[in-house]
Amino acid sequence: VQSQRKATYTNLPKGTYYFKVRSTNSEGVWTDNVKVIKIKILPSFWETPFAYILYFICFVLLMYLVYYLTTMFAKLKNEVVIEQKVTDIKLRFFTNISHELRTPLNSILLLSKLMTESDDLDEQYVEYAEVMQSSGQGLLTLIDEILDLSKIESGKMTLEIQQVPLQEITTDMKMMFGAVAKDKNLSLNIETLPQTTPIIKTDKLRLEQILKNLLSNAIKFTGSEVLL
């Protein structure tokens, strides 16, 4: 270029270029001997037709992926809503059934309690009334457990923590399983350690559910003595 003996060009866009060269004679006069070099700069890979085809394919795949994920999430959301509705219906059903069963069951429990406290009945019939009382309490607890299961499924389960006398729990367990153990010729012993605090802070209903499951399995699979 000009008086230089070299030419440098960088960052040229794609296309066809013509590089013209002219020289001077020995006296420094420019001559007409022009030489032309044709130079063609090819496009980069990302500017080729093949690259544009790939861009289009990727765009179509991306749109399909967005559509698929949107449809899938909408379907899952709809299924969650339906499942929640079914769970709520089940909870209302079990709640209504439990209320319907509690009324006659509470009447039976009241009558059996009156029988156990009566002085006019023979000892044998008082024992029968105690079995009726414990069995009724067990059935009432079973209704509560079914209702609790529905609450757990619907995510509405809450613990009711309160101060509970330990003696009250052991008495309930003896009353509920004493007759069953006696019928199977088993010795049922429920003991508390001397250093155990007489009042515990717990959810009585859930704790008794655990103890009842333990004692029920123990009585079922033990041959001589059940010790708790």
Donor-acceptor pair, Thr196 side chain versus Thr192 backbone, under 3.5 Å? no
Should Phe19 and Val21 count as side-chain neighbours, where that means a heavy-atom distance under 4.5 Å? yes
Please round to the nearest 0.5 Å and tell me the distance separating atom CD1 of Ile219 and atom NZ of Lys182. 14.0 Å
Would you call Thr16 and Ile39 a side-chain contact if the rule is heavy atoms closer than 4.5 Å? no
Option passing side-chain contact (heavy atoms from CB on, under 4.5 Å) with Glu208 (candidates Thr202, Val164, Asp203, Asp172): Asp172
Does Ile199 offer a backbone N or O that forms a donor-acceptor pair with the side chain of Thr197 under 3.5 Å? yes
Please report the interatomic distance OG(Ser216) to CG(Leu214), rounded to the nearest 0.5 Å. 9.5 Å
Do Ile190 and Thr171 have side-chain heavy atoms sitting under 4.5 Å apart? no
Can you hop from Leu65 to Leu76 via hydrophobic side chains spaced under 4.5 Å? yes
Residue pair Ile169 / Ile200, side-chain heavy-atom distance below 4.5 Å: yes
Could you measure the distance from the CG atom of Leu61 to the CD1 atom of Ile57? Nearest 0.5 Å is fine. 7.5 Å
Would you indicate whether the side-chain heavy atoms of Tyr17 and Ile41 approach each other to under 4.5 Å? yes
Are Glu168 and Lys204 packed together at the side-chain level, in the sense that at least one heavy-atom pair is separated by less than 4.5 angstrom? yes
Begin from the C-alpha positions of Leu139 and Ile108 and carry the test side-chain contact (heavy atoms from CB on, under 4.5 Å) through to its verdict. CA-CA 11 Å; Leu139 182 57; Ile108 296 174; over 6 Å; no
Could you check whether any side-chain N or O of Asn78 sits under 3.5 Å from a backbone N or O of Ala74, counting only pairs where one atom can act as donor and the other as acceptor? no
Minimum-distance pair of heavy atoms, taken over all atoms of Thr71 and Tyr67: OG1-O, 2.8 Å
What heavy-atom pair brings Tyr52 and Glu47 nearest, and what distance separates the two atoms? CE1-O, 3.3 Å
Count I, L, V, M, F, W, Y as connected when their side-chain heavy atoms are under 4.5 Å apart, and connections chain through other members. Are Val34 and Tyr18 then in the same cluster? yes
Do Tyr68 and Val60 land in one hydrophobic cluster if side-chain heavy atoms of ILVMFWY residues count as linked below 4.5 Å? no
Would you compute the distance between atom CZ of Phe59 and atom OH of Tyr64 and round it to the nearest 0.5 angstrom? 16.0 Å
Is any side-chain heavy atom of Met173 closer than 4.5 Å to one of Lys212? yes
Roughly how far apart are Lys174 NZ and Asn189 CG, rounded to 0.5 Å? 8.0 Å
